[in-house]
Structure formats: C-alpha cells, structure tokens
Amino acid sequence: MKNVASVIVDVPAMQTDRAYDYLVPEEWLGSILPGMRVVVPFGPRKIQGFVMELKEKGEVSKLKAISEPMDLVPVLNEELLSLGNWLTDKTLCFKISAFQAMLPAAMKAKYEKFFRLEEMTRLDELPDPLPDLFRKNSEISWKAAQEAGILPLIQKQVKQGKVDVIYKVKARAKKKTVRKILPAFNRDQLEGILESLPPQASKQKEVLRYVSDASNEGAPLLVKQVIENAGTTASTIKTLVNKGLLVEKEEEVYRDPFEDRLFEQTSPLPLTEQQSQAIKPIVDVIDQNLHRTFLLYGVTGSGKTEIYLQSIQRVLEEGKEAIVLVPEISLTPQMVHRFKGRFGDDVAVLHSGLSVGEKYDEWRKIQRKEVKVVVGARSAIFAPFENIGIIIIDEEHETSYKQEENPRYHARDVAVQRAETHKCPVILGSATPSLETFARASKGVYQLLTLSKRMNDGDLPHVSVVDMREELRNGNRSMFSQELFDKLQTRLEKGEQTVLFLNRRGHSSFIMCRDCGFVVQCPNCDISLTYHRFSNGMKCHYCGYEEAVPNTCPECTSEHIRYFGTGTQKVEEELTKLLPGARIIRMDVDTTSRKGSHEKLLTAFGEGKADILLGTQMIAKGLDFPNITLVGVLSADTMLHLPDFRAAEKTFQLLTQVSGRAGRHTLPGEVVVQTYTPEHYSIELAAEHDYDRFYLQEMAMRKMGAYPPFYYITMITMSHEDLMKVVAIAEKLSAFVRSRLSESTIILGPAASPIPRIKNRYRYQCLIKYKREPNLTPTLKTVLDQFQQQYASGGLTISIDVNPYMMM
DNA sequence: GGTTTATCTTCA
DNA sequence: GAAGATAAACCG
C-alpha cells in the first residue's frame, strides 16, 4: 500500500532542499496524489509542501502525517514535476523555488501564528489584559499581540504551558463568487404564494413574479441583476430568502480582465509568397509530431504574427494546445487583440498587469482545459497544458525572458525543454535575433526562416544619424538637434505624429552640484539617487531609500545644486518651451504606474489626442499607429557605455525596434537618431537596417572577448556586510573553482561588482567562461555547500547565475 | 525559515 | 550560577 508521500517543503534553504516523508492519513488515501499541495507539520509549525511521489515505505521509521490536502486535483502534472527538477539542476535553485515559479503567485501559501488557551487554563489564572482578550476571541493573532505590545507577556504564558501557539497555513487564492437566487417553488405555485403574502408586500410580490418569470428552466439569477431589473433592494430579497421562498447560492466566477471589451472576430489572412514559404516547414513539423526549433527572422512589419496565428490554427485543428510568449504583454494590448480576435474564448492571457486573482483565474482556465491558447509573459511558459502542439516566443531577443531572481531561468530554454517532451516545434520570432539564437540558426541547430519583405511592400524608414558633438560645436546646447527640431515642427504643421524615445538607463535624473560636481548618493548603495519631481525627493532604485532634495550642496554649501540628466520630465519641459502648441503624452514609470493607464495613454495617442509621444523603452514595443511618421531617439548611446558585453547588441536591437515604429502604413516614415558616437557600428548599422553585417561584426567582438555565443558564462556574486570578509571569501571561492575546472576555462575575478554596494552589502563577483565544463554544476553545488555555514551565520549570500543577462 | 538546543558571555 | 546572547542543529 502506497501510503507514504515524499514532500518538498516550503522552506527555501539549502538544508531543507530535499524531500521529507509523511504518512497519508487513511481518509485521504487515493485522493492525495503527486503534484498536489499539502499542509504538513514541520518541526513545531505547519507549512505548505508539494507531493513528489507516493511510496510504500518512508526513509525514517516514525513519520508524521500530512495535515490536509490543499488541492482537489494536482496542480503540477507529471511533466511539470520533472520540469521542476530539470529547472533545479540547470539553475541551481531550490526545488521549492522551481515549483513555486511554475504556479501563479496566488497559490503560494501565507503563514500566520496564533495564541490559543491551553485546555486546562482558566481565564483568571492569566494576567491582564489577557482574560479580556481571550473572552472576546478564542484566538489572538501574533501580529495583534505584537501591535498591542503584549507579546512578551503572552510568550511567558506559553512557557508556563498556559497558552498554546498554533500555526495556520492560509491559501492566498480566493475564488471569486457571485450571489445568485432561485425560486423555491415552481411556476404553478406562484399564484398561491402571492395570495398568501400580506397585501402590503407589493415589492416582494413583484420580485417573486420577476424571478419566477425570468428563471425559466430553473436557472439561477444574479442577485445584482434582479435588484437592477426588478427595481428592488437587497433587503427585499433577503426577506424572501428568510421566508424560504427564494434559495440563495454562491457561485464561483472568473474575474475577467477583458470584461467589457469586444474582440472583433478575424479570419486567416491570405499569406504572401514569403509567408507561405516560411510557414510550410512549421506545418510539416506539426503534422509529423516532431520537435524542432525555428528562428523566424523577419523585419518589422513582415507579418510574423500572421504566421504565428495560422500555425496555431493548425495545432488547434489537431486538438493540441499552444503557448505564445510575448515580452511583458501588458505593454502590447494590440497583441492580445489579435489573438483574442482570431481564437476568441479559447485564449487565456497571463501578464504582469493582471491582479493576483485575475492571474489565478486565467491559470485555472488553462488547468481545466477551458482554453487552448495562452498568451503571456515569461512565466506563461509553465502553462499546465498536457498536449502542447507549438510554443512561440515573439521578440525572442528580449531580455525580459530571463528571470532575474531564483530560479534564474530563461524562458527560451524552458520552451525547448518542454517542446522536446511534447514533440512539437518552437518558433523564435525576431527582427533582431539575439546573437546566441542567430548563431545556432547559422549552424543549423535551429532552422532559419526568413521574411525579408514588409507586407505592404513599404520601404524601411530612412534613418539619419545626428552627431551631437557637432551640434554642440555649432552652439546648440539643447537636447534637440537642429534636424530633429525642424522635422518635429514640420510634423506639427502637417498634423502627423511623432514618437520621441529616451533611453532611461544611465540618464535618470540625478542631483548634482554645479560648483563642485558633488552628486547625491544613496547612503546604503553605491549609486546616485534619482530625482522624483512628484515628491520633490530623491530615491534609490535599489533599496528604496528616500530623502528630500537639499537646498545647498552638502559638500561646498553652494546653492547651485539641482537635478541633472535627461529625465522624461525634463524633456517634456523643454518641449513645451520650444513648441508651446504641441500636445504631448509622456509615458514613464510616473505616468503609467496605475493599472491600465498605460493602455489609456496609448489609446489616446492612437486617437490623435496628442502630437508627440515621449517615453522610455516601454514605448518601443507594439506601437502601431498609421499617423506616426517621425521617430526621434534623443540619445542613442547611453546604453552603449554600460559594463555589459551585450551593450552593442542591445543598442542595435533597440534602435531597430524604435525605427520600426515609423511609417508602418501608407505614410512614409523617418527616423532621427541623436548620438555622441555616430561611428559606433551598432548605431551605423542599425541606421542602415543591416542586421547581417551587425551580426558578423558583433560575432567578431564576442570571439575576441571570449563571450557568448563562443563561450558559455556563469556569474557568481557574493555579498556581505563586511568588505574584508567578502573579499576573503571571494578569493577563497574563486581559488576553489579554479582548482576544480579545466584548463581551457577562463575565470575572471574576483572583482568588485559594477555596483559595489547595495543595501549596505559589499558585492564581489567572479565570471566563469567555458566551452564544455561537465564539472561545473557539481563544483558550484560544492561551493554552495562549503560556504553554507558562513551563509547561514555570517550573513553571506552567494548567488549563481548561469547564462546571466544582467552583468551588474 | 523558524524553532529548539547547545555553547559561550557577562556580571553579580 | 543564572540570565542573556549567539551559534549550531534540526525539521520526516
């Protein structure tokens, strides 16, 4: 009899990163299955866990029993369970983190502690104010006790055995319900009932008539609607329920994030010659149930989405499911429209803009097989489908597909892994593929499909690169070059729209003293504080530290201290000064933080309510309005100087992407790129729309620097409050790693991180570059093991990032 | 991660 | 020698 469950418990720590065995109580035998969440006793408390497998015998002799199951059916199927193990191996994360990453946040448990009277304890034994409190409630929450300042008092009672501590696991997920009512009689009885009611109860009679009439077939009616349609109130209905004439019931509903939106149904569009060529191999692979990865390399506007849609159509016809990943989808409502438009209610949407509850509901639609297609951001790659027929990753090169916290996975790798098990194709789509992907396509590891023509046969916009040093020499000190300014003005006159694009990184507005050059820095992190006009304060992006803007320089007491840099707010100010008539929409963290505001601003712009859209990289995506004929990039090279070997690649991708926003329809588009380094190949070649040459040039650079795709890299970052300690540990750690890895492997460092201190912790890093290193994972595991003690006691943290995208 | 248990400090 | 602080061990 398999009545022992091995369980991964919700304690993300090295020591607990293994399965614990529990007895399955008789009453749950057969209903507790692998992949379910359960509540288990762990030490003195109760926590959540995932059942891995059922077996006959436990590892130790006496086992505790599972307290209760948290699910009716498994939330992780067999495939996802083994995918979790794979993820753990690949990213060196805790098992529990891997499983939690695969589920919506709503399913992560919350814990709370309570005090309860021991059975034998009488109230008068306790000191004030405990008797009163326990008289009111049989349980006092830990938090409440703490807030009331009586925590030490209660804990004393606990020690004396008079009060007990109990631990509760709370499910975060709440299913949304609506109240509905049903008549408790059938239609023939209605007249009799109406007569039996007192004559003055006219409202009640009206409601009964309405309900009896409206609920044919005995379908329950929404209370809300009855109130509206019968012109009554909640209390009338309540009275009728109390009289037993109506039956009330709660019914579960999905929160619908797209409730009041209509999606116009679309049908497959005829494909161009190139599109048909590209889709053929995909369809072949679908028909043959094969796994293969395709790179769909198509210039902006070449119709990649239609290929996605028709491939999915094929997959659905075969009775299978599809996963579509898009970068931070809340930014591309247009994409949602296209999928909902084609596949209607078969589509679930998972993106960061949804509330926890909404995400949970969308996830359950997938789990219950109520949808066939999921469109979502990174984590949607874990959608619990069981019969996947295709996985599509749009804008494959986007770095948001890499999760920057544990488990540090890349959705692309997970996609390929899942597609292998499901024997289905993966399609990576991009106009500017990542070097890694394009290199694989060139080598034939991926199959390359090319779309070189724009669908409307339009030309790519003309890009002119403006040397800002030249502008400066000519005495133009503003942030707009003469050329950009002239073109802006022409657009305004013609009533056409402009998008102005500002690189945020490295140019956020900091506070600097004009006399001595002093920059206000965060006291906890080695980074300058960012000015926020909203609160007239300065904020640290890393630790959240905030302080008011000083009136005088703390260094030299000069009064010429003010904010610098080209924040979007500042650009907006200058724009209104230079072009007083222009209507501007600004999109940045400040104006888009509220839910739905992003879409609202975009819609307003699309409806022509503004002449200029000004924003950070968030506007680079999914912007597709016919009236945009000018795109301006204010400073193309800010990103170029970051300490990141992908800086050139990112610059190229970004410039290509923004330029693609201009002239997508009948009106021709123009792009102006302002830069201080016009000779840089990433800027030059982006202006020429020449990805192929950029690829060759950048590959040469990567080869020289021994970077991906020629080498794999893994980054180890150590941090500690004590600078000397972290230096010592870093030395020891890298020496150890060096001793265990092969000769051909390059180990850089240890060296201080580009941001040497965050939240008062000093950071050192070590970069490992390797071509083939079978010993790497075991070595890293040993590292984690060996430094565990200091990890636990000395406040050391080690983070390992296999294939990092953030080098800071 | 939280809790209990073992070990070390500190101070009368 | 007890109370308090800190490190180590364990959780089935």
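Sequence lines set the chain letters: A, B, ... in the order given, protein chains first and strands last, and positions in each chain run from 1. The figures here come from the full heavy-atom set of this structure, side chains too, leaving out hydrogens, waters and symmetry mates.
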How long is the line joining [atom1] of [X] and [atom2] of [N], in whole Å?
| X | N | atom1 | atom2 | answer |
| --- | --- | --- | --- | --- |
| A:Leu63 | C:dC11 | CG | C1' | 13 Å |
| A:Lys159 | B:dT3 | NZ | C1' | 12 Å |
| A:Lys64 | C:dC10 | NZ | P | 15 Å |
| A:Asp164 | B:dT3 | CG | C1' | 15 Å |
| A:Arg18 | C:dG12 | CZ | P | 10 Å |
| A:Lys110 | B:dG1 | NZ | P | 18 Å |
| A:Met52 | C:dG12 | CE | C1' | 15 Å |
| A:Gln15 | C:dC11 | CD | P | 11 Å |

Open item on the list: Does B:dG2 have its OP1 or OP2 closer than 4.0 Å to a side-chain nitrogen or oxygen of A:Lys113?
Closed with: no
Report, one pair per line, the protein and nucleotides 4-6 of chain C atoms (nitrogen or oxygen only) whose separation is under 3.5 Å.
none

Residues [X], [Y]: salt bridge by 4.0 Å N-O rule:
| X | Y | value |
| --- | --- | --- |
| A:Lys402 | A:Asp801 | yes |
| A:Glu112 | A:Lys143 | no |
| A:Glu68 | A:Arg37 | no |

Open item on the list: salt bridge (Lys or Arg N to Asp or Glu O under 4.0 Å), that's the test. Do A:Asp21 and A:Lys55 meet it? Break it down for me.
Closed with: CA-CA 9 Å; A:Asp21 289 341; A:Lys55 47 191 187 180; 3.2 Å; yes
Open item on the list: Between A:Glu139 and A:Arg116, is the salt bridge (Lys or Arg N to Asp or Glu O under 4.0 Å) condition met? List the steps.
Closed with: CA-CA 5 Å; A:Glu139 288 166 356; A:Arg116 182 191 277 168; 2.8 Å; yes
TODO: Under the ring-ring contact (aromatic ring centres under 6.0 Å, His included) rule, collect the residues that match up with A:His410, sequence neighbours excluded.
DONE: A:Tyr805
Open item on the list: Does A:Tyr167 reach a base, just sugar-phosphate, or nothing at all? Heavy atoms under 4.0 Å.
Closed with: sugar-phosphate
TODO: Starting from the C-alpha separation in whole Å, work towards a yes-or-no answer on salt bridge (Lys or Arg N to Asp or Glu O under 4.0 Å) for A:Glu118 and A:Arg122.
DONE: CA-CA 9 Å; A:Glu118 200 71 69; A:Arg122 281 174 298 116; over 6 Å; no
- [ ] If the plane angle is over 60° it's perpendicular, under 30° parallel, otherwise tilted; pick one for A:Tyr20 and A:Phe42.
- [x] perpendicular
TODO: Applying side chain to side chain donor-acceptor pair (under 3.5 Å) between A:Tyr254 and each of A:Glu362, A:Glu358, A:Glu370, report the one that passes.
DONE: A:Glu370
Task: Positions of residues 33-51 of chain A (non-hydrogen atom under 4.0 Å from DNA chain B), listed by number - done: A:Phe42, A:Pro44, A:Arg45
